[in-house]
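See below for the structure under consideration.
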Amino acid sequence: MSTLVIVESPTKAKTIRNYLPSGYRVEASMGHVRDLPRSASEIPANVKGEKWAQLGVNPGDNFAPLYIVPSDKKKVVKTLKDALKDADELLLATDEDREGESISWHLLQVLNPKVPTRRMVFHEITQEAIQASLNNCRDIDSQLVHAQETRRILDRLVGYTLSPLLWKKIAGGLSAGRVQSVAVKVVVKREQERRAFRKGSYWDLKASLLKDKNAFEAKLYSLGGTRLANGSDFDEATGRVTAGREVVLLDEAQAQELQVRLQAGVWTVSNLEERPNTRKPSPPFTTSTLQQESNRKLRLSARDTMRVAQNLYEQGYITYMRTDSVHLSEQAISAARACVTTKYGTDYLSPKPRQYATKSKGAQEAHEAIRPAGSTFRTPKETGLTGREASLYDLIWKRTVASQMAEARQTNITASIEVENAIFRATGKRIDFPGFFRAYVEGSDDPDAAIEDQEVLLPVLAMGDALNCTDLEAIGHETQPPARYTEATLVKTLESEGIGRPSTYATVIGTIIDRGYVRLVNNSLIPTFTAFAVTELLEQNFPDLVDVHFTARMEQTLDDISTGEVEWLPYLKAFYSGDQGLETLVRDRETQIDPTAARTVLLDDLEAKIRIGRYGPYVEIGTGEESVKASIPADVPPADLDGDQIERIIKQKVEGPDKVGLHPDTGEPIFLRIGPYGPYVQLGEPTDDNPKPKMASLPKGTQPEAVTLEMAVGLLRLPRKLGQHPDTGASIKAGQGRFGPYIVHDQGKEGRDYRSLKGDDDVLTVTLERALELLAQPKAGRGRKKVDPLKELGAHPEDEEPVAVFNGPYGLYVKHGKVNASVPEGTDLDAISLEEALSWINAKASTKKGKGGKGKSTASRTTKTAAASKTSGAKKTTKTTGTKKTTKSSAAKSTKTTSGRSTTKKKSTAKKASDPAPETDA
């Protein structure tokens, strides 16, 4: 008897084969084998003329979905059907969540097996788990299938109904989504809070004290019995102390007067308080908390975290990674406690096994937390993993083991020190027993170092002790605006509000970045002006669809469908059809939305209008023929755009760039310009003989008004030679590139060794000695890190060099040597074969040869550069005192050289009216 087992990916198939008896054949479906049409070309001819075919769903036929087998999956389906011919039994072993259940159901529909078929589920790929699942196969869960299908249909209805409206009213290529649009709104609201924020200032005093030669610090807490104001006492909307707060607010003069008066006073300990407390370890990881902690500790995006976790699961290192549950099986608890005993000793073991309760009602994705797989946990060193896989496994291992460790015991100490009518406070913390801190401290990479950082010791004090004040410092403070979201904090917010489900967060965040609604800068999510415009349109016309609570209730209803508590068809009909349905609402509102108003972003404190143009946001002053339009630099966040910046942008457009001075060597004028990527200096004007004058971006954080002639000359002379390396004789230079200032040890054919300049190092003044010091430091952790491939495909047949798949800023790409080729959009990672990769690489290589090796070959790689390189929201060129700007640098890309590409791209991304809108939510 032979049995065919179907899983989603080749990696999972390879791992599971090791645990199946002889006579079992394992094949991979490469994800879904059936889906809704992704473009008009995929719609079958027999329904192409139907109006509903654009949706891929027929609302008139009880929302019947139009499923097709994509062209790239037909070969996979044939392979599976051929394998099924030789089988006596079919086991569908896709993942155990809703998505996996849906894949199995689609396989059943497409393959139409004539042999017994069962569903095989497991949450880890180990010998024990696979054997147990073979003994406990079941039928496909129709409720889970209906729940997933309803989500899919609902997402399609929202995305494909609203997106065309955004194209018509704001700009082509935009998209809306059930979860995506709410996530964008959340980020936009935080940016609006930052813009509305008003800074407050306050002063306090910090004393340096001595007790028996032991130094410690104390801060002013109260004056005359009234507490001193701190940052939490201020109203963010006014910058003043919140009404009703009984606090003392010191200004600089008062603080300095108090400093002089108190320093000569008698300092005495007036009170001591010790508060012992305990800290319990955090629960094992769920999908959401893994994404958050991975972003904080490893700086991995949610999307990258899930890709790495998927690889670890499919190789048998961890349990299933899409789960809302914090529950641990008895086997896992025993394994974790054994690790604690072996590595840390019985003193660090919790007195009894610790189990955690899942709070979320929707915790139905899987039945156990993310943990190391198996009945015994391999230590990170024992796995042999490297790179990101090793780092993520280490994180999961530590968190799981820590969950079964003893509580940390610590004591908080507060000493009150009296001097005249002022009370100062010194606070300390003593770690009495580190407990689980030995293994894991949330947000820290090094538990031992974290323990040291957390412990703040005070000298032995007693009430009435006299202290010596060695220094008293008056310190000014300013309140800070609300912090922008990171991927970690956005995931936490989405989960706490019940928006979407953790298994979709990686896709949602990736989508809002890829669509240009959000920029990821230094791990912060900054919304664009386009995000402001889209959010405003949706809030004014479709408030429910971007209402946090409405979306949360919708998510709960979808969960109820999976348990059979709610019928899926009546819900879809109520949402989409009828007088109050989405279809009618969009049709009615479309005629009432003014495109000019929709493309306009009104900021309360600015007279200028911000508009969304074909090539990005621009500012407009005046009306009619007297109006002036100028592009807004791409790196200006909406919260930071002020009147001074707008004045500079408009002034450059009307009067031309500011003249810094004349270059001392050539006598040419040096101009200060503002381009789409920020301010930069330019030597001279473009001429026929020199169409591309030398340019240099301003160092990060340098304001245009701070630029001097000396600084401008220095920037234009970069890279500058610092000297020769004493060991190699090769030159060492300092320069400024795309990723900031750097030094480079240039050994010609032997290669170049780079180091980033950070902190106090100035690219214009850094010395050879400092450069040698930096070059002597190990490169690990500095500059760009080596990127691990997502998937290795094999060796190239011509030179045996590896061919692999990587994740880039604009999506997946395959790499061979120095040739990178984009993977077609929508291609599943697991479906990429060596044969396909070679065809893409050969096509890219031939394109490069045809263009002398300088051309771009993929629209996806040029879209953002081309679109962002436009220097006017209304026109393709920027006028500068009678000449057209045709130059490019790291600060400003060439308007002339990119206009053709961006125009072409705009044509290719603007959908025809008959084409389906882009789908956005998983």
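Just so you know, these numbers come straight off a predicted model, no measurement behind them.
- Using a cut-off of 4.0 Å between Lys/Arg side-chain N and Asp/Glu carboxylate O, Lys78 and Asp82 are scored as salt-bridged.
- Minimum interatomic distance between Glu495 and Gln292 (heavy atoms only, all atoms of both residues): OE1-NE2, 4.0 Å.
- Scanning all heavy atoms of the two residues, the minimum distance from Pro21 to Leu134 falls at CD-CD1, 4.1 Å.
- Taking His32 as the reference, Glu99, Ser102, Ile103, His106 meet the side chain to side chain contact (heavy atoms under 4.5 Å, CB included) condition, with sequence neighbours excluded.
- With Lys791 contributing its side chain and Ile832 its backbone, the two residues share a donor-acceptor pair below 3.5 Å.
- Side chains of Val518 and Tyr485 form no contact here, defined as non-hydrogen atoms less than 4.5 Å apart.
- With no hydrogens or angles considered, a side-chain donor-acceptor pair links Tyr67 and Glu149 at under 3.5 Å.
- A cation-pi contact links Lys297 to Tyr440, judged by a cut-off of 6.0 Å to the six-membered ring centre and 45° from its axis.
- Between His816 and Ile841 the shortest heavy-atom distance is CB-CD1, 3.6 Å.
- Using bins of under 30°, 30° to 60° and over 60° for the plane-to-plane angle, the ring pair Phe806/Tyr813 lands in the parallel bin.
- No side-chain donor-acceptor contact under 3.5 Å links Thr287 and Ser503.
- For Glu128, the CD atom counts as densely surrounded, since its 6.0 Å shell holds more than 12 non-hydrogen atoms of other residues, nucleotides or ligands.
- Taking each heavy atom of Ala804 and Pro789 in turn, the nearest pair found is CB-CB, 3.7 Å.
- In the model, Ser9 has a side-chain atom that pairs as donor or acceptor with a side-chain atom of Glu314 under 3.5 Å.
- Between the side chains of Gln331 and Glu124, at least one donor-acceptor pair of N or O atoms lies under 3.5 Å.
- No side-chain donor-acceptor contact under 3.5 Å links Ser403 and Thr400.
- Atom CG of residue Leu312 and atom CZ of residue Arg307 lie 14.5 Å apart, to the nearest 0.5 angstrom.
- In this model, no donor atom of one side chain and acceptor atom of the other lie less than 3.5 Å apart for Gln291 and Thr305.
- When all heavy atoms of Val76 and Ala28 are compared, the closest pair comes out as CG1-O, 3.9 Å.
- With sequence neighbours left out, Arg118 forms a side chain to side chain donor-acceptor pair (under 3.5 Å) with Glu89.
- In this structure, Asp97 does not pair ionically with Arg151, as no charged nitrogen and carboxylate oxygen lie closer than 4.0 Å.
- Considering CD of Glu389 and OG of Ser391, their distance stands at 10.0 Å, rounded to 0.5 Å.
- A salt bridge links Glu293 with Arg296; the closest basic N to acidic carboxylate O contact falls under 4.0 Å.
- Here the closest non-hydrogen pair linking Ala309 and Leu290 is CB-CD2, 4.4 Å.
- Relative to the six-membered ring of Trp397, Arg378 misses at least one condition, a distance below 6.0 Å or an angle of at most 45° to the axis.
- Between Thr323 and Arg371 there is no side-chain heavy-atom pair separated by less than 4.5 Å.
- Within 6.0 Å of CD in Glu382 there are more than 12 heavy atoms belonging to other residues, nucleotides or ligands.
- Residues Ile318 and Phe285 are not in side-chain contact: their nearest non-hydrogen atoms beyond the backbone lie 4.5 Å or more apart.
- In this structure, a donor-acceptor pair under 3.5 Å is absent between the side chains of Thr507 and Thr504.
- For Asn522, the CG atom sits in a loose shell: 12 or fewer heavy atoms of surrounding residues, nucleotides or ligands are nearer than 6.0 Å.
- In this structure, a donor-acceptor pair under 3.5 Å is absent between the side chains of Thr511 and Gln180.
- A salt bridge is defined here as a Lys NZ or Arg NE, NH1 or NH2 lying under 4.0 Å from an Asp or Glu carboxylate O, and Arg303 with Asp514 meets this definition.
- Using a 4.5 Å cut-off on side-chain heavy atoms (C-beta onward), Val77 and Lys81 make contact.
- Within the 4.5 Å cutoff, the side chain of Gln310 has heavy atoms near those of the Arg322 side chain.
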